[in-house]
Engineer: 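Quick one: the structure is below, questions incoming.
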Amino acid sequence: MKISSNFDSGNIEVVDASDPADVRLRIRKDTAADFFQWFHFRASGVRGVDCRFSILNAGEASYRKGWENYRACASYDRAHWFRVPTAYEEGVLSFRLSPQHDSVYFAYFAPYSRERHRDFIARCQVAPGVALEVLGETVNGDDLDLLVISDPDGSARRACWVIGRQHPGETMAEWWMEGFVDRLLDRDDDVARAVLEGATLYVVPNMNPDGSVLGNLRTNAAGANLNREWAGPTLESSPEVYHVRRRMTETGVDFALDVHGDESLPYVFIAGGDNVPSMSDRQRQLLTAYFESLTRANPDFQTEHGYPRGGKPNLTMCANDLAENFGCLAMTLEMPFKDNANAPNDAVGWSPDRCRRLGADCLAALCDVLPILR
Ligand code: ZN
């Protein structure tokens with residue numbers, strides 16, 4: 001058997017792969033920080049072999065509760081990802097498979113590659129009403145892409161921002177982007193037309209391209225956790241936030257949705273932006289209206305399970321910063337790595353298809369609240 005991870009978003013270290021029934025691995029830390037949980041590797045020479053892979057340092061990972069009731073993702077063709085039997089015992093995560101083909105990929109969640117991102121941006125920019133802006137460079141000199149989507153005939157009084165993947169291991173955020181943007185670009189869709197009649201959409205599908213390619217869980221190439229940089233981003237350590245935040249001051253922000261994945265909770269929920277010092281009744285009403293609308297639009301979204309509310313708001317986080325400084329509806333959307341416990345899917349768990357569906361339905365919820373945004 002051969003284990004490899006020297007590719008886009010690869011992450012694994014081999015301790016001992018001499019016995020397929022007891023392959024011992026470790027996840028490596030983010031390239032410039034101590035976080036780790038994302039893994040992505042290929043095992044080859046495995047057709048018909050009973051394999052067991054054990055991640056020995058899982059118990060030291062950033063979110064240990066993330067391993068409870070978690071099942072690893074696998075794919076033969078890198079298009080369809082399925083779940084495999086997985087156990088977490090005494091700090092070790094183990095999963096088993098007797099592969100039907102010569103090689104198989106494993107990952108923490110269905111990966112979203114830089115090439116797919118480039119294809120997505122290229123496909124979107126040729127659609128009517130779409131402009132592509134490169135806001136600046138990442139730490140490693142990659143492009144930070146912004147899609148500006150508008151209807152030239154619309155009144156477009158409002159500026160709506162949607163960003164994703166500040167945390168690069170949360171690939172579900174970029175799968176979500178495909179659903180959201182593809183619906184927005186469907187000119188036969190009533191919801192899309194209504195949104196673009198009243199708003200210009202500013203979409204950053206991937207806030208952290210470097211961390212994504214590097215196979216990091218949570219940080220960029222300089223080791224910065226981008227969702228803790230919003231109070232004072234710098235060109236040296238967090239240019240990704242710096243450039244986006246600067247563009248936001250030019251456009252204003254009437255609506256902001258920051259898309260993430262949560263390692264531990266097996267639910268879709270919204271957090272953040274609801275407890276800042278300047279929070280107004282109007283913002284609270286908008287939040288309630290968005291929750292109600294998204295509950296109607298998408299069966300996976302719920303408001304019962306989520307992070308504890310109250311406490312001191314962390315103004316270095318995107319949604320809090322924007323709610324505080326723009327007085328707008330600003331939210332953090334969380335999707336599970338595991339599954340939706342209210343509607344589990346044994347074969348694939350929470351999946352790219354469900355991310356896309358949620359993205360499309362989040363546009364419907366935006367459509368509902370758009371007239372009252374300001
Ligand atoms: Zn996150």
Engineer: Could you walk me through whether Asp274 and Arg284 pass salt bridge (Lys or Arg N to Asp or Glu O under 4.0 Å), step by step?
Structural biologist: CA-CA 7 Å; Asp274 62 340; Arg284 287 193 189 88; over 6 Å; no
Engineer: Under a plain distance cut-off of 3.5 Å, with no hydrogens placed, do Ser98 and Asp50 share a side-chain donor-acceptor pair?
Structural biologist: yes
Engineer: What I want to check is whether the side chains of Asn216 and His167 have a donor and an acceptor closer together than 3.5 Å.
Structural biologist: no
Engineer: Is it true that atom CD of Glu89 has more than 12 heavy atoms of other residues, nucleotides or ligands lying nearer than 6.0 Å?
Structural biologist: no
Engineer: In sequence, state the C-alpha distance, the side-chain angles, and the governing distance for Asp142 and Arg114, and then conclude on salt bridge (Lys or Arg N to Asp or Glu O under 4.0 Å).
Structural biologist: CA-CA 10 Å; Asp142 205 344; Arg114 190 63 181 155; 2.9 Å; yes
Engineer: Report the distance from atom CG of Leu363 to atom SG of Cys367, rounding to the nearest 0.5 Å.
Structural biologist: 7.0 Å
Engineer: State, yes or no, whether a side-chain contact exists between Tyr290 and Ile270 at a heavy-atom distance under 4.5 Å.
Structural biologist: yes
Engineer: List the steps and the verdict of salt bridge (Lys or Arg N to Asp or Glu O under 4.0 Å) for Asp300 and Arg357.
Structural biologist: CA-CA 10 Å; Asp300 287 315; Arg357 179 57 199 258; over 6 Å; no
Engineer: Just how far is it from atom CG of Leu287 to atom CE of Met331, taken to the nearest 0.5 Å?
Structural biologist: 6.5 Å
Engineer: Any chance you could measure Leu358, atom CG, to Leu333, atom CG, to the nearest 0.5 Å?
Structural biologist: 5.5 Å
Engineer: For Trp230 and Gln166, test the side chains for any donor-to-acceptor distance below 3.5 angstrom and give the result as yes or no.
Structural biologist: yes
Engineer: Taking all non-hydrogen atoms of both residues into account, name the closest pair between Pro239 and Glu137 and its distance.
Structural biologist: CB-O, 3.5 Å
Engineer: Set out, in order, the CA-CA distance, both residues' side-chain angles and the distance that settles ring pair (Phe, Tyr, Trp, His ring centres under 6.0 Å) for Phe82 and Tyr76, then state yes or no.
Structural biologist: CA-CA 9 Å; Phe82 55 93; Tyr76 298 117; 5.5 Å; yes
Engineer: For the OG atom of Ser103 and the CE atom of Met1, what is their distance to the nearest 0.5 Å?
Structural biologist: 11.5 Å
Engineer: Is there a side-chain contact between Val204 and Glu240 in this structure, where contact means two heavy atoms from C-beta onward sitting under 4.5 Å apart?
Structural biologist: no
Engineer: Look up atom CZ in Phe255 and atom CG in Leu329, then write down how far apart they are to the nearest 0.5 Å.
Structural biologist: 5.5 Å
Engineer: With a cut-off of 6.0 Å (strictly less than), are more than 12 heavy atoms of other residues, nucleotides or ligands near CD of Glu304?
Structural biologist: no
Engineer: Identify the two heavy atoms, one from Arg246 and one from Leu135, that lie closest to each other, and give their separation to 0.1 Å.
Structural biologist: NH2-O, 3.5 Å
Engineer: Measuring only between side-chain heavy atoms, which start at C-beta, is Arg187 closer than 4.5 Å to Leu196?
Structural biologist: yes
Engineer: Tyr105 ring centre to Arg78 NZ or CZ under 6.0 Å, with the angle to the axis within 45°?
Structural biologist: yes
Engineer: What are the two closest heavy atoms between Arg165 and Pro205, and how far apart are they?
Structural biologist: CB-O, 4.2 Å
Engineer: Are the side chains of Arg123 and Asp182 in touch, meaning some heavy atoms are under 4.5 Å apart?
Structural biologist: yes
Engineer: Evaluate the side-chain proximity of Leu366 to Leu257: yes if any heavy-atom separation is below 4.5 Å, no if none is.
Structural biologist: no
Engineer: Between Met177 and Val203, which heavy-atom pair has the shortest distance, and what is it?
Structural biologist: SD-CG1, 3.7 Å
Engineer: Evaluate whether atom CZ of Arg71 has more than 12 neighbouring non-hydrogen atoms of other residues, nucleotides or ligands under 6.0 angstrom away.
Structural biologist: yes
Engineer: Between Phe337 and Tyr63, is the ring centre distance below 6.0 Å?
Structural biologist: no
Engineer: Going through the distances and angles, do Gln302 and Phe269 end up as a side-chain contact (heavy atoms from CB on, under 4.5 Å)?
Structural biologist: CA-CA 6 Å; Gln302 54 80 54; Phe269 59 98; 3.6 Å; yes
Engineer: Can you list the steps and then say if Thr295 with Glu292 is a side-chain hydrogen bond (donor to acceptor under 3.5 Å, both in side chains)?
Structural biologist: CA-CA 5 Å; Thr295 303; Glu292 286 174 357; over 6 Å; no
Engineer: Distance only, no hydrogens: is a donor on one side chain within 3.5 Å (strictly under) of an acceptor on the other, for Ser75 and Asp77?
Structural biologist: yes
Engineer: Using only heavy-atom distances, determine whether the side chains of Glu174 and Thr171 contain a donor-acceptor pair under 3.5 Å.
Structural biologist: no
Engineer: Once you measure the plane-to-plane angle for Trp81 and His40, does it fall in the parallel (<30°), tilted (30-60°) or perpendicular (>60°) bin?
Structural biologist: perpendicular
Engineer: Does atom OH of Tyr242 have more than 12 heavy-atom neighbours from other groups under 6.0 Å away?
Structural biologist: no
Engineer: Would you indicate whether the side-chain heavy atoms of Val268 and Arg354 approach each other to under 4.5 Å?
Structural biologist: no
Engineer: Will you find, in the side chains of Ser18 and Asp16, an N or O donor that is under 3.5 Å from an N or O acceptor?
Structural biologist: yes
Engineer: Any luck finding a side-chain donor-acceptor pair between Asn206 and Ser212 under 3.5 Å?
Structural biologist: yes
Engineer: Donor-acceptor pair, Asp30 side chain versus Gly223 backbone, under 3.5 Å?
Structural biologist: no
Engineer: Could you check whether the rings of Tyr70 and Phe39 sit parallel, tilted or perpendicular, using 30° and 60° as the cut-offs?
Structural biologist: perpendicular
Engineer: Please round to the nearest 0.5 Å and tell me the distance separating atom CG of Asp339 and atom CG of Asp346.
Structural biologist: 8.0 Å
Engineer: Go through Cys51 and Val23 one step at a time and tell me if the side-chain contact (heavy atoms from CB on, under 4.5 Å) criterion holds.
Structural biologist: CA-CA 8 Å; Cys51 299; Val23 178; 5.6 Å; no
Engineer: Tell me, with the steps shown, if Asp262 and Lys338 meet side-chain contact (heavy atoms from CB on, under 4.5 Å).
Structural biologist: CA-CA 9 Å; Asp262 184 89; Lys338 298 172 180 174; over 6 Å; no
Engineer: Heavy atoms only: give me the nearest Phe41-Ser5 pair and the separation to one decimal.
Structural biologist: CB-CB, 4.2 Å
Engineer: Applying the ring pair (Phe, Tyr, Trp, His ring centres under 6.0 Å) criterion to Tyr112, which one of Trp175, Trp176, Trp38 satisfies it?
Structural biologist: Trp175
Engineer: Taking the side chain as C-beta and beyond, is there a heavy-atom pair between Val253 and Tyr202 under 4.5 Å?
Structural biologist: no
Engineer: Is there a side-chain contact (heavy atoms from CB on, under 4.5 Å) between Leu214 and Asn140? Walk through the geometry before answering.
Structural biologist: CA-CA 11 Å; Leu214 292 168; Asn140 281 353; 4.2 Å; yes
Engineer: Go through the steps for Asp186 and Arg183 under the test salt bridge (Lys or Arg N to Asp or Glu O under 4.0 Å), then give the verdict.
Structural biologist: CA-CA 5 Å; Asp186 181 355; Arg183 183 169 190 185; over 6 Å; no
Engineer: Does CD belonging to Glu68 count more than 12 external heavy atoms closer than 6.0 Å?
Structural biologist: yes
Engineer: Judged by modelled atom types alone, do Asn342 and His305 share a side-chain donor-acceptor pair under 3.5 Å?
Structural biologist: no
Engineer: Strictly distance-based, threshold 3.5 Å: is any side-chain N or O of Asp143 a donor or acceptor partner for the main-chain N or O of Asp145?
Structural biologist: no
Engineer: Is the Trp67 to Tyr108 ring centre distance short of 6.0 Å?
Structural biologist: yes
Engineer: Quick check: closest heavy atoms across Leu294 and Asp361, and the distance to 0.1 Å?
Structural biologist: CD1-O, 3.9 Å
Engineer: Checking side-chain polar atoms at under 3.5 Å, does Asp8 have a donor or acceptor matched by the opposite partner on Ser113?
Structural biologist: no
Engineer: Would you call Pro20 and Val46 a side-chain contact if the rule is heavy atoms closer than 4.5 Å?
Structural biologist: no
